[in-house]
Asker: 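The structure that follows is given in the form of structure tokens.
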Amino acid sequence: MGCGTWAWGNRLLWGYNESMDEQLQAVFDLCVRNGVTLFDTGDSYGTGKLNGQSEKLLGRFTTEYQDVGKENICIATKLAAYPWRLTRQSMVSACKSSAQRLGRNVDLVQMHWSTANYAPWQEGALLDGLADLYEQGLVKGVGLSNFGPKRLKLVQKKFQASNVPITTLQVQYSLLSTYPVTELGLKDVCDQLGIKLIAYSPLALGLLTGKYSDKGSFPKGIRGLLFRQILPGITPLLGCLREVAQSRNKTMSQISINWCICKGAIPIPGAKSVEQARENIGALGWQLDAGEVAELDRAAASSGKKMVQNIFQTK
Ligand SMILES: NC(=O)c1ccc[n+]([C@@H]2O[C@H](COP(=O)([O-])OP(=O)(O)OC[C@H]3O[C@@H](n4cnc5c(N)ncnc54)[C@H](OP(=O)(O)O)[C@@H]3O)[C@@H](O)[C@H]2O)c1
């Protein structure tokens with residue numbers, strides 16, 4: 001696949017507007033120069049008049065980038081299991097549209113979510129479409145997102161029959177969302193099946209950076225509402241993170257991202273500015289020791305509040 005071991009998530013959701021594009025291009029350039037070459041996007045990122053904007057931007061940034069590491073850039077997109085996508089051909093067409101917006105082929109195509117929780121009959125054809133993309137050489141690899149261990153095993157069996165390997169599985173995984181690993185056991189299943197685990201929202205949407213507190217200001221919209229509910233219950237976890245960060249001379253974001261790496265996952269933190277990206281890149285090149293990881297694990301396990309799980313996450 002030629003993917004890096006660390007990545008930048010480009011969701012363009014919380015507070016994005018087009019005046020940020022120059023800053024985002026600077027983030028992209030900084031990442032690639034520092035060996036961060038896997039970029040995660042989705043065909044549902046950017047709605048309304050901004051339809052497909054994240055893919056369009058990543059395509060433009062990739063084309064315009066002319067420095068070291070260009071050949072290692074790996075674009076991973078996620079195709080939404082929209083209710084109107086019902087046939088295998090609809091997935092092939094969707095991926096072709098993504099490639100058009102990107103101005104290049106998609107490297108890793110992922111199914112954004114499983115429909116098993118609400119329309120299980122829809123899923124088979126969409127998965128067939130993913131396999132078609134691989135077999136037709138339109139993508140280098142195939143991945144899944146928000147699939148639990150039972151669904152993952154079923155898909156693996158289905159794909160095995162036609163020799164289509166599953167390269168990655170992407171789930172919400174952070175110190176505030178340990179559920180996919182501690183309760184669903186997904187890391188072990190991925191290891192058994194030779195699948196790489198990608199940790200999305202590794203900073204719990206920004207809660208683990210330490211910059212938000214229940215006394216301070218909250219972000220706007222749904223994220224603010226969510227933070228209001230969660231922050232009062234996570235003071236001990238944030239305290240533990242802060243202590244480890246201070247003793248390591250790192251930031252809380254760097255500790256949170258490094259914890260994901262120590263767990264054998266590939267974190268894809270979102271960054272809105274060059275400063276955030278630079279800080280997050282500082283999570284690379286060193287590792288927390290076993291004692292620190294255990295301390296963080298204990299704080300995470302006893303946390304009074306956790307991140308809400310994605311409604312599409314299956315078992
Ligand atoms: N497969 C799926 O269903 C799914 C779902 C969600 C996300 N994802 C993927 O995962 C990627 C990352 O997830 P996410 O953006 O939801 O959550 P995240 O990475 O946990 O949080 C990112 C947010 O935290 C803040 N931040 C990041 N670095 C910071 C730093 N060093 N210091 C201070 N604040 C910092 C920024 O927001 P503020 O500056 O506004 O605080 C940023 O937008 C997405 O872009 C997407 O590619 C996938």
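Counting starts at 1 for both ligands and their atoms, in listed order. Heavy-atom basis, side chains included; hydrogens, waters and symmetry copies ignored.
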Asker: With a 4.0 Å cut-off on N to O distance, would you call Lys196 and Asp191 a salt bridge?
Answerer: no
Asker: How does Ser253 reach ligand 1, if at all, at less than 4.0 Å between non-hydrogen atoms: by side chain, backbone, both, or neither?
Answerer: side chain
Asker: Side chain, backbone, both or neither: which applies to Asp40 and ligand 1 if a contact is any heavy-atom pair less than 4.0 Å apart?
Answerer: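 For Asp40, backbone and side-chain atoms both sit under 4.0 Å from ligand 1.
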Asker: Quick one: does ligand 1 sit under 4.0 Å from the side chain of Asn146, the backbone, both or neither, non-hydrogen atoms only?
Answerer: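 Side chain only.
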Asker: Inspect the surroundings of CD in Glu275 and state if more than 12 heavy atoms from other residues, nucleotides or ligands are less than 6.0 Å away.
Answerer: yes
Asker: Do any nitrogen or oxygen atoms of Pro269 come within less than 3.5 Å of a nitrogen or oxygen of ligand 1?
Answerer: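 The answer is no, given that Pro269 and ligand 1 share no N or O pair closer than 3.5 Å.
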Asker: Mind checking whether Pro202 has a heavy atom under 4.0 Å from ligand 1?
Answerer: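 Within the 4.0 Å threshold, so yes.
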Asker: Using 30° and 60° as the class limits, which term best fits the ring planes of Phe61 and Phe28: parallel, tilted or perpendicular?
Answerer: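 If you compare the ring of Phe61 with that of Phe28, the planes turn out tilted.
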Asker: If we set the cut-off at 4.0 Å for heavy atoms, which region of Asn310 has an atom near ligand 1: side chain, backbone, both, or neither?
Answerer: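 Side chain only.
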Asker: Who gets closest to atom 12 (C) of ligand 1 by heavy atom: Thr251, Leu169, Ile268?
Answerer: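 Closest candidate by heavy-atom distance is Ile268.
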Asker: Measure from the side-chain N and O atoms of Lys70 to the backbone N and O of Tyr65, and report whether any donor-acceptor pair falls under 3.5 Å.
Answerer: yes
Asker: Should one rank Gln276, Glu275, Met252, Met111 by closest heavy-atom distance to atom 25 (C) of ligand 1, which comes out on top?
Answerer: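 Answer by nearest heavy atom: Gln276.
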Asker: Given 3.5 Å as the limit, does a donor-acceptor pair link the side chain of Asn105 with the main chain of Val139, or not?
Answerer: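 Side chain of Asn105 to backbone of Val139, a donor-acceptor pair under 3.5 Å: no, none is there.
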Asker: Indicate, as side chain, backbone, both or neither, the part of Trp113 found under 4.0 angstrom from ligand 1 when only non-hydrogen atoms are considered.
Answerer: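 It is neither; nothing of Trp113 touches ligand 1.
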Asker: Does an N or O from Ala271, backbone or side chain, lie closer than 3.5 Å to an N or O of ligand 1?
Answerer: no
Asker: Of the backbone atoms (N, CA, C, O) and the side-chain heavy atoms from C-beta on, which set of Tyr212 has a member under 4.0 Å from an atom of ligand 1: side chain, backbone, both, or neither?
Answerer: side chain
Asker: Give me the atom names and distance for the closest heavy-atom approach of Arg242 to Gly210.
Answerer: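 That would be NH2-O, 4.2 Å.
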Asker: Between Phe227 and Phe218, does the ring centre distance come in under 6.0 Å?
Answerer: no
Asker: If the plane angle is over 60° it's perpendicular, under 30° parallel, otherwise tilted; pick one for Tyr173 and Trp259.
Answerer: tilted
Asker: Non-hydrogen atoms of His112 versus ligand 1: any pair closer than 4.0 Å?
Answerer: yes
Asker: Parallel, tilted or perpendicular: which fits the ring planes of Tyr118 and Phe312, with parallel below 30° and perpendicular above 60°?
Answerer: tilted
Asker: Relative to ligand 1, is Leu208 under 4.0 angstrom through side chain, backbone, both or neither, heavy atoms considered?
Answerer: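 Contact part for Leu208 vs ligand 1: neither.
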Asker: With respect to atom 24 (O) of ligand 1, which of Ala283, Gly206, Ser54 exhibits the smallest heavy-atom separation?
Answerer: Gly206
Asker: Arg248 pairs by salt bridge (charged side-chain N to carboxylate O under 4.0 Å, His left out) with which of Glu295, Glu243, Glu292?
Answerer: Glu292
Asker: Taking atom NZ as the centre, does Lys150 end up with more than 12 heavy-atom neighbours from other residues, nucleotides or ligands that are less than 6.0 angstrom away?
Answerer: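 Check fails, neighbour count at 12 or below.
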Asker: Less than 3.5 Å apart, any donor N or O on the side chain of Asn146 or Tyr200 sitting next to an acceptor on the other?
Answerer: yes
Asker: Could you tell me whether some N/O pair between Ser145 and ligand 1 is separated by less than 3.5 angstrom?
Answerer: yes
Asker: So is Arg223 in contact with ligand 1, going by heavy-atom distances below 4.0 Å?
Answerer: yes
Asker: Atom 46 (C) of ligand 1: which of Phe39, Phe312, Tyr45, Phe227 has the nearest heavy atom?
Answerer: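 Shortest heavy-atom distance from atom 46 (C) of ligand 1: Tyr45.
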Asker: Counting only heavy atoms, which portion of Gln170 has something under 4.0 Å from ligand 1: side chain, backbone, both, or neither?
Answerer: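 Gln170 to ligand 1: side-chain contact only, backbone stays beyond 4.0 Å.
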Asker: May I ask you to identify, for Lys78, whether its side chain, its backbone, both or neither come under 4.0 Å of ligand 1 on a heavy-atom basis?
Answerer: side chain
Asker: Between Glu64 and Gln25, is any side-chain donor less than 3.5 angstrom from a side-chain acceptor?
Answerer: yes
Asker: Glu279 heavy atoms, cut-off 4.0 Å: which ligand 1 atoms fall inside?
Answerer: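 By the 4.0 Å cutoff, the relevant atoms are 31 (N), 32 (N).
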Asker: Hey, is Lys211 touching ligand 1 through its side chain, its backbone, both or neither, going by heavy atoms under 4.0 Å?
Answerer: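 The answer is the side chain.
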